[in-house]
Asker: 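Got a structure here, written out as structure tokens. Questions coming.
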2 protein chains.
Amino acid sequence: MSMSLELTPVQAAACCAPLARQPLSESEAEGIAPLLKALADPVRLRLISMVASHQGGEACVCDLNDAFDLSQPTISHHLKILHEAGLLDREKRGVWVYYRARTEALQNLAALIGGHAA
Amino acid sequence: MSMSLELTPVQAAACCAPLARQPLSESEAEGIAPLLKALADPVRLRLISMVASHQGGEACVCDLNDAFDLSQPTISHHLKILHEAGLLDREKRGVWVYYRARTEALQNLAALIGGHAA
DNA sequence: CAAAGACATAGACATACGTAAATATTTACA
DNA sequence: TGTAAATATTTACGTATGTCTATGTCTTTG
């Protein structure tokens, strides 16, 4: 289990003190921005919310597609972005793919944004 | 739960239950995404962090400009985006302009992202 | 093995974004 | 009043983003 020196996006949000506590370094900011970027889209916000609030904490792509007026590849593209950012886990079971929200990543991010000053 | 006709970006984050509690509506997601978009840039993350963590909770643009290797108009542009999103308050005192972080907006956003499920 | 269904990838296109250079605006002060 | 300093606005430009259509991959089942 060799770990690379690079931080995955998920780990990035656990890197540092809250925004209001001390100034983010350049590299810290560059690690966190992709996480926020992944969330900063209405479709992706709804997708992650649907997955996170779904029965069992996971949802099948088949369920998600129908909730939007967008093409299937577009939804797939957004899910990929959330997955690559480390906000959604992906598991294939038979023909279906299930996504699950990484709540600890979301909570790290929330702590970073909303954490109180020293 | 009734909502006003127009939400300012700041209010948007206080609109609804946490992501993981119930699916965001389309309009809720469209209200929140701009807030995250404003944060989803390394320069703006560092700017808001510098302001929020600065002595007195506010910082002068003159202090901020020097911390970056970017042109003054570029910093001004980023500050404008954070201000228009409702994340930074702006006050002119003499020749200088001071920005102050809206911590309640940040905390609303954090609660939305990191709030636990039902 | 072939066909169908679920999901992902590739390519293309219009729009949005981050940045810089040049210029404008506002304020203080000699 | 005029000059300098602090900040904002305008314009321009390359790159990134969101979306679609078309196609590919994988899995199940007839």
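Each chain gets a letter, A, B and so on, in the order the sequences are listed, and its residues count up from 1. Please read these numbers as outputs of a predicted model, since none were measured by experiment.
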Asker: Looking at residues 56-67 of chain A, who's got a heavy atom less than 4.0 Å off DNA chain C?
Answerer: C60(A), V61(A), C62(A)
Asker: How many whole angstroms separate atom CG of L47(B) from atom P of dG18(C)?
Answerer: 12 Å
Asker: Quickly work out the L70(A) CG to dC7(C) P distance and round it to whole Å.
Answerer: 16 Å
Asker: Looking across every strand, which nucleic acid part, if any, lies under 4.0 Å from Y99(A) by heavy atom: base, sugar-phosphate, or nothing?
Answerer: sugar-phosphate
Asker: Using a cut-off of 4.0 Å on non-hydrogen atoms, how would the nucleic acid contact of R90(A) be classed: base, sugar-phosphate, or nothing?
Answerer: sugar-phosphate
Asker: Pick the closest DNA chain D nucleotide for I81(A) and for V95(A) by heavy atoms, then say which residue is nearer the 5' end.
Answerer: I81(A)
Asker: What is the distance, rounded to the nearest whole Å, between atom NZ of K80(A) and atom P of dA10(C)?
Answerer: 7 Å
Asker: Without decimals, in angstroms, what is the distance between E84(B) CD and dC17(C) C1'?
Answerer: 14 Å
Asker: Grab the CG-P distance between L36(A) and dC17(C) for me, whole Å please.
Answerer: 16 Å
Asker: Which residues pass the side-chain hydrogen bond (donor to acceptor under 3.5 Å, both in side chains) test with R46(B), not counting sequence neighbours?
Answerer: none
Asker: Do L82(B) and V51(B) touch side chain to side chain, with heavy atoms closer than 4.5 Å?
Answerer: no
Asker: After noting the C-alpha distance and the side-chain angles of C16(A) and L24(A), does the key distance pass the side-chain contact (heavy atoms from CB on, under 4.5 Å) rule?
Answerer: CA-CA 8 Å; C16(A) 32; L24(A) 285 176; 3.7 Å; yes
Asker: Quick one: how far along DNA chain D does chain B reach, first to last nucleotide 5' to 3', anything under 4.0 Å to a heavy atom?
Answerer: dA6(D) to dT9(D)
Asker: Are the side chains of H78(A) and F68(A) in contact, using a 4.5 Å heavy-atom criterion?
Answerer: no
Asker: Please report the distance, rounded to the nearest Å, between CG in L39(B) and P in dC17(C).
Answerer: 15 Å
Asker: Nearest-Å distance, CG (D69(B)) to C1' (dT19(C))?
Answerer: 13 Å
Asker: Report yes if the side chains of V43(A) and L47(A) come closer than 4.5 Å at any heavy-atom pair, otherwise no.
Answerer: yes
Asker: Would a hydrophobic clustering, with Ile, Leu, Val, Met, Phe, Trp and Tyr connected at side-chain separations under 4.5 Å, put I81(B) with Y98(B)?
Answerer: no
Asker: Touch check for R44(B), heavy atoms < 4.0 angstrom, all strands: base, sugar-phosphate only, or nothing?
Answerer: sugar-phosphate
Asker: Test of understanding: clusters of I, L, V, M, F, W, Y form through side-chain heavy atoms closer than 4.5 Å, transitively. Do M50(A) and V97(A) belong to the same one?
Answerer: yes
Asker: Pull out every residue in residues 71-78 of chain A that has a heavy atom closer than 4.0 Å to any atom of DNA chain D, ordered by number, or say none.
Answerer: S71(A), P73(A), T74(A), H77(A), H78(A)
Asker: Side chains of residues 27-40 of chain A: which donor-acceptor pairs under 3.5 Å do they make with residues two or more places apart or in other chains?
Answerer:
unit_1	atom_1	unit_2	atom_2	d
S27(A)	OG	S25(A)	OG	3.4
E28(A)	OE1	S25(A)	N	2.8
E28(A)	OE1	S25(A)	OG	3.4

Asker: Please list all pairs passing the salt bridge (charged side-chain N to carboxylate O under 4.0 Å, His left out) test where one or both residues lie in residues 54-69 of chain A, with sequence neighbours left out.
Answerer: E58(A)-R93(A), E58(A)-R100(A)
Asker: Does S49(B) use its side chain to pair, donor to acceptor, with the backbone of L45(B) at less than 3.5 Å?
Answerer: no
Asker: Side chains of L79(A) and I75(A): does their closest heavy-atom pair fall under 4.5 Å?
Answerer: yes
